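To start, the structure under review is shown below, and the notes come after it.
Just so you know, these numbers use all the heavy atoms, side chains as well, and skip hydrogens, waters and symmetry mates. Reminder, nothing fancy here: chain letters follow the sequence lines and each chain counts from 1. None of the values given here were measured: they were computed from a predicted structure.
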Amino acid sequence: MTVMTFAQAARTALLQEMERDATVWVLGEDLGPEGGVAGQYLGLQQHFGKTRIVDTPISESTIMGAAVGAAICGTRPVVELRYADFGICAADEIVNQAAKARYMLGGQVRVPAVIRQPIGMRDGMAAQHSQSTEAWWIHVPGLVVVAPSTPADNHALLKAAIRCDDPVVYMEHKELWTVSGEVDEDAAPATLGQAITRKPGDDLTIVSWSSMVGVCVEAAHALGPAGCSAEVIDLRTLWPWDKAMVFESVRKTGRLLVVHQAVRAAGFGAEIVAEVTEHLFPILKAPPRRLAAPRVPVPYAQPLEALCRVTSDEIVGAAMQMVKQ
Amino acid sequence: MLLIRAFDEHAGDARRDGRLRGSVHEYIGEEAIATGVCANLTRADYISSYHRGHGHCLAKGADPEAMMMELYGRAGGVCSGKGGSMHVADFSLGILGANGVVADGVTIAVGAAQAVRLKAEDRVVVAFFGDGAMNRGPMLEALNWARIYDLPILFVCEDNLYSDRTRTQSMTGGPGAVARAEAFGIRAETVDGNDVVAVDEAAARLLRKVRSGSGPLFLHATTYRWRGHLALDKALYRDPVELERWQASDPIRRAAQWLVSRGVSPAALQEEHQSATARIASVVAAAEVAPWPDEKMFYEDVQDVGATA
């Protein structure tokens, strides 16, 4: 076990996969001397050279289109899009090409590309650099969507994403880059689609992912003394999501609360609540709930930005209401 | 050329009489470009194409029967009937696919060239696209991209004067395709795209350079679309005189004249023509009675991880 940051964990995973497989390569802006926006590529260009760590122009369409072309011609590109907000500039190539090539070409090819799109609010980056767009990609057949919450997961899930033969939208939260944790550098790749229980409990199931997992765990600990035993499930992979683990937990607790930083309306919480309600309605002890951002662009001013965030106190408040029902 | 003409004459008719569905973009009148360029490619070389893609695939060696079955949506199609006219592809022949989004095949082509570079392979890539693509951002990004990495790619702009139903010139600032390529430092030249001999000569010369490491080059081939943008477009927006003028420059008739001038007998040409027509009649007959894709294929090939059953 080594203590490292979320960014260093990703760098370690990438380094290991590039050593292991010569067809893995990376393309994106400012990867070489800069080492990426969070240092997640630091020193890799010096190590692997400029044909495997490729600094590109600010051309998101072609970054993504070229990744598709290179993936269908026998390589495993890792695409760095800097911010999920810029992933929207490459949405056509992700949705119309990467996600569909295998199906519409009758299974002749696979598109083993990792599409890194860091999400979320950090340090007042405002409306165009703060979005959590995970639901957009979950909606698209053909894509796998991953959102790790710890350094250990960022290591094991990135390895899994690189080895996956499907296109994987890989969403790291910008506020997690500097978070430290223990990482087993020899860990095997994680299993995509497998959630993890971060805190066990009996009265309420809280489902979350990415940076909100930590807030949910904090709230769950605060709920204990108040007499509410909350279970926190970190989905880790959003498509496919671990329905079995969530259903099992809700069968035990009878209550479901989904927490995410993305906008609440048509967010992924809606899908989870709908699935649980459709299948487990008779055993529910309270209406399932969602805590997420209002349908407002992320504002710059700190007191306004704060209104987009779900706090531990809000989770505690919602949970207490639910257990009283 | 004759096979491409016969294939698309049938495809257009079959779309108009309802035997085919969806978008069918005929390549009639432009056959010399795919034929002249692909004559200079090996099986290992890659091509990417666009919505008007039947001709490129056939010229690169795709099986006309599997192509026709794809248009008919049958299980025996090149894409098992799941792609249709706009997604014909055959990876065993280096055909990376026609494409339903203008210019997207070009970004895929530069990525293919990047893979060739990474794997140190002995292949070149040809990106076919229309004049309309020259006004899309990804096209311009891809030109810049190919230049800065000096990728082994030949860009082939098939300039049939129309972007969908609009005259391209009326939507284009500046002098157009060649000047735009040159603005990115890519050497570009124009060829008479209705002259298969000229296209062949130009492609041979340019591809030789690309194979020996010149980096990207650009061929602008002038031509004309005899039909509308797609089979159901009657093209009433253009002057019939314009069409007549271009039909007088029929690439197939010009190729025939060239062959006759070099001693090929008109009877032999007639035989070739009949043979192409018969071949298409036979693949159509096969496609019309071929089985549909099984319903179990509906869920196949979406993805490995997270597939819906």
Side-chain angles (χ1 to χ4, degrees), chain A residues 22-23 25 27 50-52 54-75 77 89-90 92-93 96-97 99-111 113 138 141-145 160 164-168 191-193 237-241, chain B residues 46 48 70 75 77-84 86-92 94 96-97 99-101 103-121 123 125 136-146 148-149 293 297 300-308:
Chain A
T23 68
W25 64 292
L27 66 169
K50 288 182 174 179
T51 51
R52 291 188 69 195
V54 179
D55 284 319
T56 69
I58 304 171
S59 300
E60 287 84 357
S61 293
T62 300
I63 291 172
M64 195 57 230
V68 174
I72 63 179
C73 292
T75 72
C89 303
D92 164 53
E93 289 76 13
N96 284 322
Q97 309 300 341
K100 294 176 177 57
R102 176 177 170 185
Y103 191 84
M104 71 187 178
L105 303 179
Q108 293 186 64
V109 279
R110 283 172 167 67
V111 184
I138 296 166
L143 299 178
V144 174
V145 182
C164 182
D165 283 338
D166 299 317
V168 178
T191 301
L192 297 172
T237 303
L238 304 180
W239 194 271
W241 63 286
Chain B
Y46 292 130
S48 78
E70 188 59 36
V78 273
C79 301
S80 309
K82 286 165 125 179
M86 284 191 291
H87 302 293
V88 282
D90 186 339
F91 282 74
S92 70
L96 307 181
N99 209 304
V101 183
D104 275 17
V106 184
T107 65
I108 287 171
V110 298
Q114 203 113 24
V116 168
R117 168 71 47 81
L118 189 70
K119 293 159 79 180
E121 292 174 329
R123 308 178 200 245
V125 183
R136 270 211 83 214
M139 177 77 231
L140 304 176
E141 285 186 6
L143 288 171
N144 180 57
W145 187 287
I148 59 177
Y149 303 118
M297 287 176 60
E300 275 176 14
D301 284 316
V302 178
Q303 57 197 111
D304 290 329
V305 177
T308 310

Nearest 0.5 Å, what's the CZ-CG distance between A:Arg110 and B:Asp304?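 Answer rounded to 0.5 Å: 4.5 Å.
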Need one label for [X]: side chain, backbone, both or neither, based on atoms under 4.5 Å from any heavy atom in chain A.
X: B:Asp90; result: both
X: B:Ala142; result: both
X: B:Met297; result: backbone
X: B:Leu140; result: neither
X: B:Glu300; result: backbone

Looking at [X] and [Y], what are the two nearest heavy atoms and their distance?
X: A:Ala66; Y: B:Trp145; result: CB-CZ2, 4.0 Å
X: B:Pro138; Y: A:Glu93; result: CG-OE2, 4.0 Å
X: B:Val305; Y: A:Cys164; result: CG2-SG, 3.9 Å
X: B:Leu96; Y: A:Leu105; result: O-CD1, 4.5 Å

Most chain B-contacting option - heavy-atom pairs closer than 4.5 Å, from [options]:
options: A:Val54, A:Thr23, A:Thr237, A:Ile58; value: A:Val54
options: A:Gly74, A:Gly142, A:Gly107; value: A:Gly142
options: A:Asn96, A:Thr51, A:Val111, A:Val144; value: A:Val144
options: A:Pro240, A:Ala71, A:Cys73; value: A:Cys73
options: A:Gln97, A:Arg52, A:Lys100, A:Met64; value: A:Gln97
options: A:Val145, A:Leu192, A:Leu143; value: A:Leu143

Between chain A and each of B:Ser80, B:Ala115, B:Ala103, count heavy-atom pairs under 4.5 Å; write down the option with the most.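 Of the options given, most contacts go to B:Ala115.
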Using atom types as modelled and distance alone, determine if a side-chain donor or acceptor of B:Lys119 lies under 3.5 Å from a backbone N or O of A:Thr75.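 Not a single qualifying donor-acceptor pair exists.
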Look only at the side chain of A:Gln108 and the backbone of B:Ala89, and say whether a donor-acceptor pair between them is shorter than 3.5 Å.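 Answer holds: yes.
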Walk me through it: do B:Cys79 and A:Met104 pass the test side-chain contact (heavy atoms from CB on, under 4.5 Å)? CA-CA 7 Å; B:Cys79 301; A:Met104 71 187 178; over 6 Å; no
Are the side chains of A:Leu27 and B:Gln114 in contact, using a 4.5 Å heavy-atom criterion?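 Side chain of B:Gln114 against side chain of A:Leu27, heavy atoms only: no contact under 4.5 Å found.
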Could you give me the CA-CA distance, side-chain angles and deciding distance for A:Asp92 and B:Arg136, then say whether side-chain contact (heavy atoms from CB on, under 4.5 Å) is met? CA-CA 12 Å; A:Asp92 164 53; B:Arg136 270 211 83 214; 4.1 Å; yes
Looking at residues at least two apart in the chain, or sitting in another chain, which of them share a side-chain contact (heavy atoms from CB on, under 4.5 Å) with B:Val78?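 For B:Val78, the residues satisfying side-chain contact (heavy atoms from CB on, under 4.5 Å) (neighbours in sequence not counted) are B:Ala66, B:Glu70, B:Val88.
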According to side-chain hydrogen bond (donor to acceptor under 3.5 Å, both in side chains), who are the partners of A:Thr62, at least two apart in sequence or on a separate chain?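 Result, side-chain hydrogen bond (donor to acceptor under 3.5 Å, both in side chains) vs A:Thr62: B:Glu141.
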